[in-house]
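Encoded as structure tokens, the structure appears first; notes follow it.
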Amino acid sequence: MPRNTINIPDKIEYLSILNEKGELDAGLEPDIPEELLLKLHRALLLSRKFDERLLNLQRQGRIGTFPPINGQEAAQLGAVALLRPSDWMVPAFRETAAEIWRGRSLESVIIYNNGYSEGAEIPQDLNNLPISVPVGSQILHAVGLGWAAKYRQTDDVAMTFFGDGATSEGDFHEGLNFAGVFQAPVIFVCQNNHWAISLPVAKQTRSKTLAQKALAYGMPGIQVDGNDILAVYAAAKEAVDRARADQGPTLIECVTYRMAVHTTADDPKRYRTEKEVDKWRKRDPIVRFQKYLVDKGLLSEDKIAGIESEVLEVIQAAVDGAEEKMKALGDPIDMFEHAYAEMPAYLKEQKEAFVTEVAEMTEEGDHG
Amino acid sequence: MPRNTINIPDKIEYLSILNEKGELDAGLEPDIPEELLLKLHRALLLSRKFDERLLNLQRQGRIGTFPPINGQEAAQLGAVALLRPSDWMVPAFRETAAEIWRGRSLESVIIYNNGYSEGAEIPQDLNNLPISVPVGSQILHAVGLGWAAKYRQTDDVAMTFFGDGATSEGDFHEGLNFAGVFQAPVIFVCQNNHWAISLPVAKQTRSKTLAQKALAYGMPGIQVDGNDILAVYAAAKEAVDRARADQGPTLIECVTYRMAVHTTADDPKRYRTEKEVDKWRKRDPIVRFQKYLVDKGLLSEDKIAGIESEVLEVIQAAVDGAEEKMKALGDPIDMFEHAYAEMPAYLKEQKEAFVTEVAEMTEEGDHG
Amino acid sequence: MAKMTMVQALNLALKQEMAKDDSVIVLGEDVGVDGGVFRVTDGLINQFGQDRVLDTPLAESGIVGMSIGMAVYGLKPVCEIQFSGFSYQNFHQIENHAARLRLRSRGRYNVPMVLRTPYGGGVRALEHHSESRETFWAHMPGIKMVIPSGPRNARALLVSAIRDPDPVIFYESKALYRAFREEVPEEEETMPIGKPRIAQEGKDLTLISYGAMMRPTLEAAAGLKEKDGVEAEVIDLLTVSPLDDEIFVQSVLKTGRAVVIHEAPRSFGPGAEIVSRLMEKAFYYLEVPIERVTGYDIIIPLFSREKAYLPNAQRIIRAARKALSN
Amino acid sequence: MAKMTMVQALNLALKQEMAKDDSVIVLGEDVGVDGGVFRVTDGLINQFGQDRVLDTPLAESGIVGMSIGMAVYGLKPVCEIQFSGFSYQNFHQIENHAARLRLRSRGRYNVPMVLRTPYGGGVRALEHHSESRETFWAHMPGIKMVIPSGPRNARALLVSAIRDPDPVIFYESKALYRAFREEVPEEEETMPIGKPRIAQEGKDLTLISYGAMMRPTLEAAAGLKEKDGVEAEVIDLLTVSPLDDEIFVQSVLKTGRAVVIHEAPRSFGPGAEIVSRLMEKAFYYLEVPIERVTGYDIIIPLFSREKAYLPNAQRIIRAARKALSN
Ligand SMILES: Cc1ncc(C[n+]2csc(CCOP(=O)(O)OP(=O)(O)O)c2C)c(N)n1
Ligand SMILES: Cc1ncc(C[n+]2csc(CCOP(=O)(O)OP(=O)(O)O)c2C)c(N)n1
Ligand SMILES: [Mg+2]
Ligand SMILES: [Mg+2]
């Protein structure tokens, strides 16, 4: 075959189940128990309302900079819903909805966003990794975790989240390649929210889709409507099932949109139009899913209103709780902890010097 | 389209023109002037013989560790033949044939392999980068060079070489992605010689081909028989033409084989069989090309013998020349040069101290 | 002369050098349309177009590796790494290549690039956004490591860095970006790379610092003057590496006492080298041991506790008094 | 007890720890079938299978990032980076994560991994194969930086490093790999990480070094004894960071004179921190300035000139005589 097209074993598909109006493609409807559907719906609402509240708190100066998730709730929850507690969840920094689903308390989110490391502490019974700020770097940790779960002969999997921007980092490449080679049970969930701060995805890569990058690693890749929680769920289910059955990793590209600022330090007016945002407003993942649930007879306007006020109460309690808890935090001496299992001698000296210094300065009332 | 296969614009092809027996697929024969064909043939022979001589010198302890190229001559020369002097050639460390084609002297290769940086010096009129040892890292330099050539409105291109192993490095990924986004005129030549030291390419990646990795960057990728210099040339020509016409980068995978050791410090018996090597011996790129040229009436056994003895003389002269030149090298004081454009004060002090020390130690005859 | 913040002064430097020399190219994440997350590159893309100001994909090794190629070609890339905490992603490109291409090619090629990156604490930022790790770069032969301390010298040093034939890592203190304004002349101004300056003359004690820490250092000097009648000589390194020790050695030969201040972690930090130079060149003039006032040997804590980590005027005064006590 | 090279001793440590604890996993480039380019992992894949000994793709960040994930899970990855000159490719994984996951998770997770990598000059290797840049790791809070100096302590320290709950960068001197043999007991032996040792007692002068430089240092000590009748106390750091200064400070309190020796470039090198600790803790006992015998502030030259770059016994003796001359 002197000049022939090479037949690549994997193909890249696009999946959408609820269309933009919330209408169902019944042939593709995933089999999700009613209880789970309702749990997902509440989680969507809670995440949305909590995000709005955080923005509000930030504007009031009651928390620091944070990355809102508005618009991306379905992409996160549809995927993470497939995990068991013993599975591993490896987030980037914009996965608040997924983290909450996985048991992270709202209080801890507020505390972390106030610059207290206490807010990043992970309860012993949750296999979540803390937030990872360096873009793409956490992807490799998921590969190690997934590999380890397989080595220990469990059928646990690791699911890691990252953005469209992260696909440009070397660590994305090395991570997916390692996962392919070692057939690690990892689900790579890319939230293509169209922007990496000010860079549109079209300038992030010349690849037509992000999903097709899977072809470079000999793994299946799928692009789904990330604002369609049923599609995300269906794709994630296939991927998780494969991973549990030791059939290797999958790359899922959830096409979604970052409705709000990149972080509260960002001004999106500098790089995108309101018109574009409006277009995506019509594709709201919550509205669509609600319509589906109402059509299914599982929800009504009243019930939705009831859930809304319930989650608002939960959020208010978390804000109050966090603000109460933070009163007890802030002793800077804490910063010397957790560097190593045992504190090295020279660091002990530094800590002691710090304590003396603070004490003496308070005594002297000397402020320079 | 709720669940549909995505149509990826680029396709991946395989190209072979001279088969293993050296028989031509006439319909694909590239249009190469006779003079160039003969020049390529001599370059193939020279590279092979020089490589053999280097191995010999190394075994005699007359040079240090080096990476032989035996078997990969066509993959290098077929591609580099497309370049003009003003184009940029960015090698890894196993591109001796390509470097010689681009004007690097045999002497400099010997001198470099004896641990003298003088051997890496590049004449002012050659746009070659020196050897790059950190795998994959040079790929990005080619992107910068290609971009710069385009920015300066030339139609020069950059061609970079790397191995199958290099495709796993993050820099490969970042480099190809940048080239795609900026449509830099770069030709990425991957010499898939089946091994990265002891790792076979099948364990390097689960991707069926390396060429298909181009799909992740929205650029054309092609796999060619790397032991078929006509196929390499044809593929490189298409790529170089596209790049000059500002139509962006290309990934070329040359399927070839490292016939010898990884470097002279390596023992391939630990990881591969003689049988595998034998299989590839039958696909020798020089034998095939010679048959083609003989069939074409451009060469005869006699002529080949004549060229062989001519290149052997050239090589002998280079060995003699290098050994003569090296007598004048080795003054360690040279190591203080070329750190910065101007030597910093503290380094001057160190250099002076070094000079004094050497002088005094020689004087004292003190050796500890 | 206009009064400018450091952000404005750096922007001026870029604007003028780009106008003057079309080989100057700015690239990095969000440096174009967005004008940089701190707005240092604001407006450049409008003035010079997207061939001169490249919004790159999100890949630091890519940015630096591509810059190296451009620089070898003869351009003068000024790349931005969004925070110094993410410059480790491109560490190998600097160590393996930027630092070595001149040496490797025996002078045939050089790498006239600048890597600008915000460093240091004090602006209540997220994890990885407040580090100070100039030692990493300072310990790389072939690299220059520059840290300005105010708008005017930032502008002048950036111009010099762009024109410098060798690779320069240019740390910009986030805490200084908008902290204060200085007169910055519209006319071109440069400053020699590799030369510290005497920020304030004095005879009793030498305070050696650079970058953001110059502010608490000068504040401490003022406090010492006011309360203790002590005249501190204050040295601003400006270039951390190659470290020129002449000025601070001369100063300590005169004062016999010194305090070194930086926000980087103490152990194996820049202060250690300064102390060692003084050990070598001023030992017999030292009245007392040199004090180090530095960050602690921990990762700088999240923002609610970062103030406790960062050296401040009180800590410097305490150390100075100790150095003056014998 | 068998006489072993350092390669054999390290291999023994790996073999025994792997046999004892199935959470120990070896991974890296060519560590399996090939047994490692220096044969340190020789035979492990045959004994433990390819689930325990992973030949990875060629990607250092991949190796280290995956190791971090394994370590968080509770395994004890021992990864090999083929040469320390290629460990900058994974620098960010160490700085951004290995060093911080304990802190970030407030102790919920830790990263009990070991990164083994050959460092240093003296074996006539290619560019990037002879560096000595322990400062980079020593300046990272959260990381431990260990460098053995001979077969026996290499074996014991590697066992301790594997069992250590925190990430350890483990530099192995290529020059020592096969340089000499030592008795290495078959029975388990560990050594505390973070504790230097007195390699030789003495009263006149303190020589402080580690790793490959221990050989010329001890040679110099012998020369000083023989020719000058000087009794040098020789300290072998073993752990460069966290740097425990007690032993060498005690020694200098006694001798009043010290020479620090390392092959890393001088400026901002490990010697600077040692000098600074002595400045802080032994200043009043110092008779003369501390001398540094180090690599120069350049990239180590290609192999034909590397000997001139590396400190040797003569240079150490010269510095010692200077330190003894006052
Ligand atoms: C390695 C690294 N480089 C740069 C940054 C600064 N930064 C934070 S988020 C971001 C954009 C991320 O884009 P994407 O991956 O699409 O995620 P999104 O923010 O859209 O969720 C950048 C550049 C970082 N955190 N880490
Ligand atoms: C970043 C880096 N890691 C590891 C090495 C050590 N090393 C040198 S060559 C090589 C294998 C390279 O394989 P490949 O890219 O296929 O090139 P080939 O040697 O087959 O020409 C390795 C691991 C290196 N030089 N650089
Ligand atoms: Mg995004
Ligand atoms: Mg190869």
Side-chain angles (χ1 to χ4, degrees), chain A residues 88 90 116-124 126-134 136-153 156 158 160 169-171 173-182 184 186 334-335 337-347 349, chain D residues 22-23 25 27 51-52 54-75 77 89-90 92-93 95-97 99-110 112-113 141-144 164-167 194 239 241-246 273 277 280-281:
Chain A
W88 288 85
V90 183
Y116 293 108
S117 58
E118 283 84 348
E121 196 168 339
I122 308 231
Q124 282 295 339
L126 299 181
N127 282 347
N128 303 345
L129 251 51
I131 275 178
S132 175
V133 173
S137 59
Q138 75 284 2
I139 293 173
L140 282 159
H141 309 161
V143 179
L145 287 162
W147 186 92
K150 176 170 158 177
Y151 172 72
R152 285 305 189 197
Q153 299 185 318
D156 290 334
T160 182
E169 288 281 2
D171 281 358
H173 177 69
E174 300 189 13
L176 270 75
N177 193 47
F178 271 56
V181 166
F182 294 116
V186 184
D334 177 84
M335 72 183 171
E337 303 309 313
H338 305 301
Y340 299 93
E342 260 185 77
M343 193 176 290
Y346 195 58
L347 187 54
E349 292 172 28
Chain D
D22 72 357
S23 62
I25 305 289
L27 68 160
D51 276 0
R52 301 279 308 276
L54 278 66
D55 271 321
T56 67
L58 209 177
E60 290 75 18
S61 183
I63 294 166
V64 173
M66 184 173 177
S67 296
I68 291 171
M70 291 172 164
V72 165
Y73 192 94
L75 303 181
Q89 269 74 351
N90 57 252
H92 60 291
Q93 282 291 344
E95 203 284 340
N96 289 344
H97 295 297
R100 294 166 179 257
L101 268 158
R102 175 187 289 283
L103 172 71
R104 189 181 299 144
S105 69
R106 294 187 67 83
R108 163 70 199 279
Y109 300 121
N110 60 328
M113 67 177 278
I143 295 299
K144 297 182 177 180
D164 196 279
D166 288 310
T239 297
S241 177
L243 180 64
D244 194 293
D245 50 43
E246 200 190 327
E273 182 59 27
R277 297 288 180 94
E280 288 163 17
K281 299 184 171 182

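Just so it is clear, the model here is predicted, and its values are computed rather than measured. FYI, side chains are in, hydrogens and waters are out, and symmetry mates aren't considered; it's all heavy atoms of this structure. In the text below, chain A, chain B and the rest are named by the order of the sequence lines, each starting its count at 1.
- Within the 4.5 angstrom heavy-atom criterion, no atom of D:N110 approaches chain A.
- Among A:S137, A:A184, A:P344, the residue making the largest number of heavy-atom pairs under 4.5 Å with chain D is A:S137.
- Put simply, the side chain of A:E174 gets close to the backbone of D:S61: a donor and an acceptor are under 3.5 Å apart.
- Rounding to the nearest 0.5 Å gives a distance of 8.5 Å between OG of D:S241 and CD of D:E273.
- In this structure, no portion of D:L58 lies under 4.5 Å from any heavy atom of chain A.
- Of the atoms belonging to A:E337, it is backbone heavy atoms, and not side-chain ones, that fall under 4.5 Å from chain D.
- Across D:S23 and D:G74, no two heavy atoms sit closer than the pair CB-O, 4.0 Å.
- A:D171 places none of its side-chain heavy atoms less than 4.5 Å from the side chain of A:I139.
- Salt bridge status for D:D51 with A:K150: absent, with no side-chain N to carboxylate O gap under 4.0 Å.
- Among A:A120, A:A158, A:S117, A:G175, the residue making the largest number of heavy-atom pairs under 4.5 Å with chain D is A:S117.
- Contacts between D:N90 and chain A at a heavy-atom distance below 4.5 Å are absent for every atom of the residue.
- For the residue pair D:S67 and D:L27, the shortest heavy atom distance occurs at OG-CD2, 3.5 Å.
- Within the 4.5 angstrom heavy-atom criterion, atoms from both the backbone and the side chain of D:L103 approach chain A.
- The residue among D:K144, D:Q93, D:H92, D:R100 with the most heavy atom pairs within less than 4.5 Å of chain A is D:Q93.
- Ring geometry, D:Y109 versus A:W88: the interplanar angle falls from 30° to 60°, so the pair is classed tilted.
- Interface remark: of the candidates D:P77, D:G142, D:A99, D:S105, D:G142 forms the most heavy-atom pairs closer than 4.5 Å to chain A.
- For the set D:G194, D:P242, D:G69, the entry with the most heavy-atom pairs within less than 4.5 Å of chain A is D:G69.
- For a residue to count as touching a neighbouring chain, one of its non-hydrogen atoms must lie under 4.5 Å from one of that chain's; by this rule A:Y151 touches chain D with the side chain only.
- With a threshold of 4.5 angstrom between heavy atoms, A:E349 approaches chain D through side-chain atoms but not through N, CA, C or O.
- For chain D, the option among A:E118, A:H141, A:E342 with the highest count of heavy-atom pairs below 4.5 Å is A:H141.
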Salt bridge (Lys or Arg N to Asp or Glu O under 4.0 Å) between A:E121 and D:R108, worked out: CA-CA 7 Å; A:E121 196 168 339; D:R108 163 70 199 279; over 6 Å; no
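- The distance from the CD1 atom of D:I25 to the OH atom of D:Y73 is 11.5 Å, given to the nearest 0.5 Å.
- The side chain to side chain contact (heavy atoms under 4.5 Å, CB included) test with A:T160 is passed by exactly one of A:L140, A:V143, A:V90: A:V90.
- Only the side chain of D:P165 has a heavy atom closer than 4.5 Å to any heavy atom of chain A.
- When the candidates D:E60, D:E246, D:M70 are compared by the number of heavy-atom contacts under 4.5 Å with chain A, D:M70 comes out ahead.
- Neither the backbone nor the side chain of D:D164 comes within less than 4.5 Å of any heavy atom of chain A.
- Two residues are said to be in side-chain contact when any heavy atoms from C-beta on lie closer than 4.5 Å; D:L101 and A:P130 meet this criterion.
- Between the CZ atom of D:R52 and the CG atom of D:L75 there is a distance of 9.5 Å, given to the nearest 0.5 Å.
- With rounding to the nearest 0.5 angstrom, the CZ atom of D:R106 is 12.0 Å from the OH atom of A:Y116.
- For D:T56, the parts sitting under 4.5 Å from any heavy atom of chain A are the backbone and the side chain alike.
- For the set D:L54, D:I63, D:I68, D:V64, the entry with the most heavy-atom pairs within less than 4.5 Å of chain A is D:L54.
- Within the 4.5 angstrom heavy-atom criterion, atoms from both the backbone and the side chain of A:L129 approach chain D.
- For A:D334, the part sitting under 4.5 Å from any heavy atom of chain D is the side chain, from C-beta outward, and nothing else.
- At a 4.5 Å heavy-atom cutoff, the contact between A:A341 and chain D is made by backbone and side-chain atoms alike.
- Interface remark: A:A179 contributes no atoms to any contact with chain D (heavy atom separation under 4.5 Å).
- Residue contact with chain A, scored on non-hydrogen atoms closer than 4.5 Å, involves the side chain of D:R277 exclusively.
- With a 4.5 Å cut-off on non-hydrogen atoms, D:Q89 does not touch chain A at all.
- Contact between A:H338 and D:G107 at its shortest, heavy atoms only, is ND1-N, 3.8 Å.
- D:E95 does not touch chain A: none of its heavy atoms, backbone or side chain, sits under 4.5 Å away.
- Put simply, of D:D244, D:N96, D:L243, D:D166, the one with the most heavy-atom pairs under 4.5 Å next to chain A is D:D166.
- Pairing each heavy atom of A:F182 with each of D:P57, the nearest pair is CE1-CD, 4.0 Å.
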